[in-house]
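Everything on this sheet refers to the single structure shown next.
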Number of protein chains: 2
Amino acid sequence: MDSTDQLILRELSRNGRMTMKELGEKVHLTGQATAARVLKLEEAGIIDGYTIRVSKEKLGYIVHAFVTAIMHEPRHQKFLDELDRRQDTVSRYFKTSGEGCYLIECHFPTHQELDDFLNDISEFASYKVTIAIQQYGQ
Amino acid sequence: MDSTDQLILRELSRNGRMTMKELGEKVHLTGQATAARVLKLEEAGIIDGYTIRVSKEKLGYIVHAFVTAIMHEPRHQKFLDELDRRQDTVSRYFKTSGEGCYLIECHFPTHQELDDFLNDISEFASYKVTIAIQQYGQ
DNA sequence: TCAATTCCTTTCATTAATCAAGTGAAAACG
DNA sequence: CGTTTTCACTTGATTAATGAAAGGAATTGA
């Protein structure tokens, strides 16, 4: 991990579909040398994969919420199954220490759907909801 | 946005560097037809860009924290500047309604660095810290 | 019924990725 | 100190993907 590798990570973060030739020009290497470095970063697990940023807003999911769940019971599996079943709304979730047991990042088309979600999980957990009004970074 | 477009989004989320030919095979179209659909999704802003997943852990940032900031004063600019200055640790932050004013997702090499960060922001805000122990999804 | 439009395929030229050598500099070792 | 190994890179040849153009089928609307 030298400064060239850091630059590669920064450029690929900005455009992960850049050609190796183009990326090579940015870091002053040939496409072949650049591809070799990228392969190493992949093999080291530093580059964990390539994705797209999907605009949830453009897809009509305009409610962006973070739900902190505080579990009622020690058995969490049915709760986690519910989260996995809702892949359309639940984009990521974390087991946490601190306030709650889980922090769930989710997107909904309307507040009604958020309400439905909260009703569903209230079987397993109490919750606190934080609504994201504006996102910065990334 | 038909089912083919949805499949395209799913496949590109899994591998954003897939060739159009390969993606076309997944969605039963030629590479050219697939590329045309992808271009439309880009122009509609649904595909907001291409990125890499960078493993913060592999880079030595093993502490993953969500910091809820409750501002002392109405002027937030100096606080936001501080967050922007810390691009190495602050990956995203949100203006929120709910518990706090801002929710900050950040990564640190050690708890010491987290402590330094908290000391820095305590000038502007009180805070609550939630540590992510395990991530699911994405 | 007849354009106009959309969405796709096919074909071909262009461009990029990949593979195989080959070079040079630094590191490892007798 | 000299030799060899290793590493990161470049160059050149081959293979694959992309982009542009042309054309065909299905859909829409006057």
Side-chain angles (χ1 to χ4, degrees), chain A residues 1-62 87-89 91 107 109-110 138, chain B residues 1-62 87-89 91 107 109 137-138:
Chain A
M1 273 297 295
D2 58 9
S3 63
T4 301
D5 284 336
Q6 290 179 343
L7 191 52
I8 285 173
L9 292 182
R10 205 172 320 141
E11 289 297 333
L12 285 180
S13 293
R14 280 167 20 103
N15 179 9
R17 238 191 128 79
M18 189 179 272
T19 65
M20 287 301 116
K21 194 188 174 191
E22 199 180 341
L23 181 57
E25 283 161 18
K26 303 245 182 200
V27 304
H28 310 294
L29 285 176
T30 60
Q32 289 87 330
T34 311
R37 273 176 180 264
V38 169
L39 184 63
K40 279 199 171 183
L41 289 169
E42 288 170 15
E43 285 170 347
I46 292 171
I47 294 178
D48 197 32
Y50 298 85
T51 17
I52 51 175
R53 280 187 293 265
V54 176
S55 167
K56 295 283 182 180
E57 288 74 22
K58 289 281 163 64
L59 287 175
Y61 288 73
I62 57 173
Q87 289 198 339
D88 52 327
T89 51
S91 55
H107 299 264
T110 64
Q138 204 185 127
Chain B
M1 271 297 297
D2 58 8
S3 62
T4 301
D5 284 336
Q6 290 178 342
L7 191 51
I8 285 173
L9 292 182
R10 205 172 321 142
E11 289 296 335
L12 284 181
S13 294
R14 280 170 20 103
N15 178 11
R17 238 190 128 80
M18 188 178 274
T19 67
M20 288 301 117
K21 191 186 175 191
E22 202 180 339
L23 181 57
E25 283 163 16
K26 303 247 181 197
V27 304
H28 309 295
L29 286 175
T30 59
Q32 287 83 339
T34 310
R37 274 176 178 264
V38 169
L39 185 63
K40 280 200 171 185
L41 289 169
E42 288 170 15
E43 284 170 349
I46 292 170
I47 293 178
D48 195 32
Y50 298 86
T51 19
I52 50 175
R53 280 188 292 265
V54 176
S55 168
K56 295 282 184 180
E57 288 74 22
K58 288 282 162 66
L59 287 175
Y61 288 72
I62 56 173
Q87 289 197 340
D88 52 326
T89 50
S91 55
H107 298 264
Q138 206 185 125

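Predicted model, so just to flag it, every value in this text is computed and none were measured. Basis for what follows: all heavy atoms, side chains included, without hydrogens, waters or symmetry-related copies. The chains referred to below are lettered A, B, ... by the order of the sequence lines, with proteins before strands, and numbering in each begins at 1.
- Rounding to the nearest 0.5 angstrom, the gap separating the CG atom in B:D88 from the NE2 atom in B:H107 is 11.5 Å.
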message: Quick one, B:M1 with B:L9, criterion side chain to side chain contact (heavy atoms under 4.5 Å, CB included). Give me CA distance, side-chain angles, the key distance, then yes/no.
response: CA-CA 10 Å; B:M1 271 297 297; B:L9 292 182; 4.1 Å; yes

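- Taking A:R37 as the reference, A:D2, A:D5 meet the side chain to side chain donor-acceptor pair (under 3.5 Å) condition, with sequence neighbours excluded.
- Remark: B:N15 CG to B:R10 CZ distance equals 15.0 Å, nearest 0.5 Å.
- Taking CG from B:L41 and CD1 from A:I52, the interatomic distance works out to 8.0 Å, rounded to the nearest 0.5 Å.
- Between A:M18 and A:E11, some side-chain heavy-atom pair lies under the 4.5 Å cut-off.
- For DNA chain C, the span of nucleotides reached by chain A at under 4.0 Å from its heavy atoms goes, 5' to 3', from C:dA16 to C:dC19.
- Checking A:V38, A:L7, A:L29 one by one against A:L23, the side-chain contact (heavy atoms from CB on, under 4.5 Å) holds for a single residue, A:V38.
- Each end of the helix from C:dT1-D:dA30 to C:dG30-D:dC1 yields a helix axis from five base pairs, and these two axes differ in direction by 30° (to the nearest 10 degrees).
- Annotation: the span from B:I46 atom CD1 to A:K56 atom NZ amounts to 12.0 Å, rounded to 0.5 Å.
- Between A:G16 and B:R17, the shortest heavy-atom contact is O-NH1, 2.8 Å.
- For DNA chain D, the contact window with chain B, defined by any atom under 4.0 Å from a protein heavy atom, covers D:dA17 to D:dA20 in 5' to 3' order.
- Closest non-hydrogen pair, A:S13 versus B:V54, comes out as OG-CG2, 4.1 Å.
- Taking NZ from B:K40 and CD1 from B:I47, the interatomic distance works out to 13.5 Å, rounded to the nearest 0.5 Å.
- Listed by chain and number, the residues in a side chain to side chain donor-acceptor pair (under 3.5 Å) with B:Y50 are B:E42 (sequence neighbours excluded).
- Of the residues in residues 15-23 of chain A, those lying under 4.0 Å from DNA chain C by heavy-atom distance are A:T19, A:M20, A:K21.
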